[in-house]
Protein chains: 2
Amino acid sequence: MTTARRPATLDDVARAAGVSRSTASRVIAGNGFASPTARERVRTAADELGYVPNPAARALVHGTGVRLLVAVAGNDPAVLDDSYVDQVLGATARVCAPYGLGVTVDWVPLHAPERLVRLTDDRGVTSLILVNTTAELLELVPRRLRGRAVSIGVGSATVPSVDIDNGGATEAIVRHLYSGGRRRIAMVTGPPWLTCANRSVDAYRGLMRDAGLPTREVVGDFSVERGRAAAREVLRRWPDTDAIVAISDATALGVIGRLRADGVQVPGDVAVTGFDDIPLAAVTAPALTTASHPVRQIASAAATMVLEHRHAPMCTRFPSALVSRDSA
Amino acid sequence: MTTARRPATLDDVARAAGVSRSTASRVIAGNGFASPTARERVRTAADELGYVPNPAARALVHGTGVRLLVAVAGNDPAVLDDSYVDQVLGATARVCAPYGLGVTVDWVPLHAPERLVRLTDDRGVTSLILVNTTAELLELVPRRLRGRAVSIGVGSATVPSVDIDNGGATEAIVRHLYSGGRRRIAMVTGPPWLTCANRSVDAYRGLMRDAGLPTREVVGDFSVERGRAAAREVLRRWPDTDAIVAISDATALGVIGRLRADGVQVPGDVAVTGFDDIPLAAVTAPALTTASHPVRQIASAAATMVLEHRHAPMCTRFPSALVSRDSA
DNA sequence: TTGAAAGCGCTAACAG
DNA sequence: CTGTTAGCGCTTTCAA
């Protein structure tokens, strides 16, 4: 095993293989012509020297960046302290690794969307994944990144989107509740500005209207805390509520916690549903009825899309399945 | 607002400011001399052009990489599908962002630690954070990365470590159990090869020995599933167990789930404790007694250490506090 | 099929 | 204090 004190450069490889740097480059990069012999010799030389191309040099000559930016929209930097964002990042980083690309996260203030261009002006950024985005933000994606940007959530004419079928999942949940005899169904929504979360609200409203039932909505934000507060608010405003549909598992757990603390039986008195099917959803008491949400798969798909840079559909919707457990 | 179609280069800035490229470089990079006038003019020019330095070019000339590698040791690639890893990644990425550095994750097989050098041979890698590492792996950190590598967990003579005080936290937990009258205390450990997790086991053993009590150990792996299985194993081997100390909150939740399914009261019959204090620990039923584990803080500290590259202590231990709730 | 040469954007001596 | 001059490692015409 050759100990690489100073990491080998392409020149080292070329020299060892007895060819010119250009030839070595062609072989390594895999484009351009090269005789089988040359190919062979370069390959073995590279192998022996443990040669790994320098991504910085490559990026420099190609004028392409060296990392993928995950931009998360929100009211404050705390949006980055979120397991959802963490998962997106983790999945993205795994997809990027073989490409020699790194990942960065940053936050884009909802009240100052133009901050996005500051981030994308960095030539180090080669691709962009938008999270929790808005139509307004989508407009600000620079030309340079067209075809190298994707949104997890809503898309636009120029930025394709990858997302889950919130609407379908919410329908399945509400139907499940309805067929279980629930009629006074409330919902803890997501942040109103978050278009993709509104698809759940729309689905809920549609179903309730079709059933001739009134809606009961409380604004939420995916967090446990909002779940607790929302539970209390729901019971205060509509004491006869018999089901609460929460926008996320965390919120649902907050709801259940509050309900239990107030002596309300779940699902006896009030059924509660979540959304996401986090690993812990199966072991809570009661185990959570929820809808699956393959965040990692979605993020991987998004990352693959921007990296492969190929003609992808403008809108990819991942299915979500109802996971029926004990809470509803 | 100047629309930057072709992102501005340092040359553009220099030209606009009417100085040489070197002067512009000095001003932007903030080192070397420059007259106040020159400084001023370069600054404004850069501002107007929306200039952002090209990290690839910088990295190339400095011979430094362009991303930070988070290497996670484990038996298979699935170790990357872990919220702990995700959190480390998230925190790291946030620290890296202002430096124009990206983050990559990769997995190092426990049975083929030499795979690590493949990863670190990449000159794109400028710094290294090791997660769940072993002494053997630490030896393989190349010279090039000395001073730019840190381990979250155990350290070595050449690689500093940042970690939590597992031992202290476990002591606090076991003491809490003891003072609550528990005497037949079992532990679901971490993977035996994971040195830092063994500190918990050592603390447990020490305390039990001091109290003249026998130990009851079952090997675990942080997961919910192992928790379920371990709970069953504990009760099968030692039916009179009155407390189970789990290595993680997820495991504790698995333990509780199994216990409850088997008709065992928690904490009535058996007290259960976790470790980590995940956000959901407060809303489970019963709410989990656990020890805090500021993963993000730890990861941020680790990332800052390698990036600032300054003389840091070889071992930084974050405190862990007992969080007493209902499960024990 | 291959090599020579130019240049990506930036920094760092080294003279002025 | 400032400009000139070399590269950093790689890809890519362009000739040979």
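A, B, ... follow the sequence lines: proteins, then strands. Residue 1 opens every chain.
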Mind checking which nucleotides bracket the chain A contacts on DNA chain C, 5' to 3', with an atom under 4.0 Å from a heavy atom?
C/dT1 to C/dC10
Can you tell me how far apart NE2 (A/H62) and OG1 (A/T126) are? Round to the nearest 0.5 Å.
11.0 Å
Which residues satisfy the side chain to side chain donor-acceptor pair (under 3.5 Å) test with B/D163, sequence neighbours excluded?
B/R199
With side-chain contact (heavy atoms from CB on, under 4.5 Å) as the criterion, how do A/S25 and A/L10 come out once you've worked through the C-alpha distance, each side chain's angles and the decisive distance to 0.1 Å?
CA-CA 7 Å; A/S25 172; A/L10 188 56; 3.7 Å; yes
What contact category does B/S35 fall into here, base, sugar-phosphate, or nothing, at under 4.0 angstrom with non-hydrogen atoms?
sugar-phosphate
Got a second to check how far B/D12's CG is from B/Y51's OH, nearest 0.5 Å?
9.5 Å
At 10 degrees resolution, what angle do the end axes of the helix from C/dT1-D/dA16 to C/dG16-D/dC1 form when each is taken over five base pairs?
40°
Mind calculating the distance between CZ (B/F33) and C1' (D/dC1) to the nearest angstrom?
8 Å
Remember a base hit wins even if backbone is also touched, and classify B/A56 as base, sugar-phosphate or nothing at under 4.0 Å, heavy atoms.
nothing
Just by modelled atom types, is the A/T134 backbone N or O under 3.5 Å from a matching donor or acceptor in the A/W193 side chain?
no
Closest-nucleotide 5' rank along DNA chain C - winner of A/R39 and A/R123
A/R39
Could you tell me how far apart B/R26 (CZ) and D/dT4 (P) are, to the nearest whole angstrom?
11 Å
Residue list, side chain to side chain donor-acceptor pair (under 3.5 Å) with B/T104, at least two apart or on another chain
B/R67
Show your working on side-chain contact (heavy atoms from CB on, under 4.5 Å) between A/S127 and A/L69 and close with a plain yes or no.
CA-CA 6 Å; A/S127 319; A/L69 171 65; over 6 Å; no
Would you classify A/A59 as touching base, sugar-phosphate or nothing, given that sugar-phosphate means primed atoms plus P, OP1 and OP2, and contacts are heavy atoms under 4.0 Å?
nothing
5' precedence on DNA chain D between B/A34 and A/T9 (nearest-nucleotide basis):
B/A34
Do B/I152 and B/L130 come close enough that some side-chain heavy atom pair is under 4.5 Å?
no
Salt bridge check, B/D86 against A/R296: does any charged N sit closer than 4.0 Å to a carboxylate O?
yes
Any chance the side chains of B/S20 and B/T23 put a donor and an acceptor closer than 3.5 Å?
yes
Side-chain donor-acceptor pairs of residues 87-102 of chain A under 3.5 Å, sequence neighbours excluded:
unit_1: A/T92; atom_1: OG1; unit_2: A/V88; atom_2: O; d: 2.6
unit_1: A/R94; atom_1: NH1; unit_2: B/D81; atom_2: OD1; d: 2.7
unit_1: A/Y99; atom_1: OH; unit_2: A/E308; atom_2: OE2; d: 2.5

Please tabulate, one pair per line, each protein N/O and nucleotide N/O from nucleotides 5-8 of chain D that are separated by under 3.5 Å, including the distance.
unit_1: D/dC8; atom_1: O2; unit_2: B/V61; atom_2: N; d: 3.4

What is the distance, to the nearest angstrom, from the CZ atom on B/R15 to the C1' atom on D/dG3?
15 Å
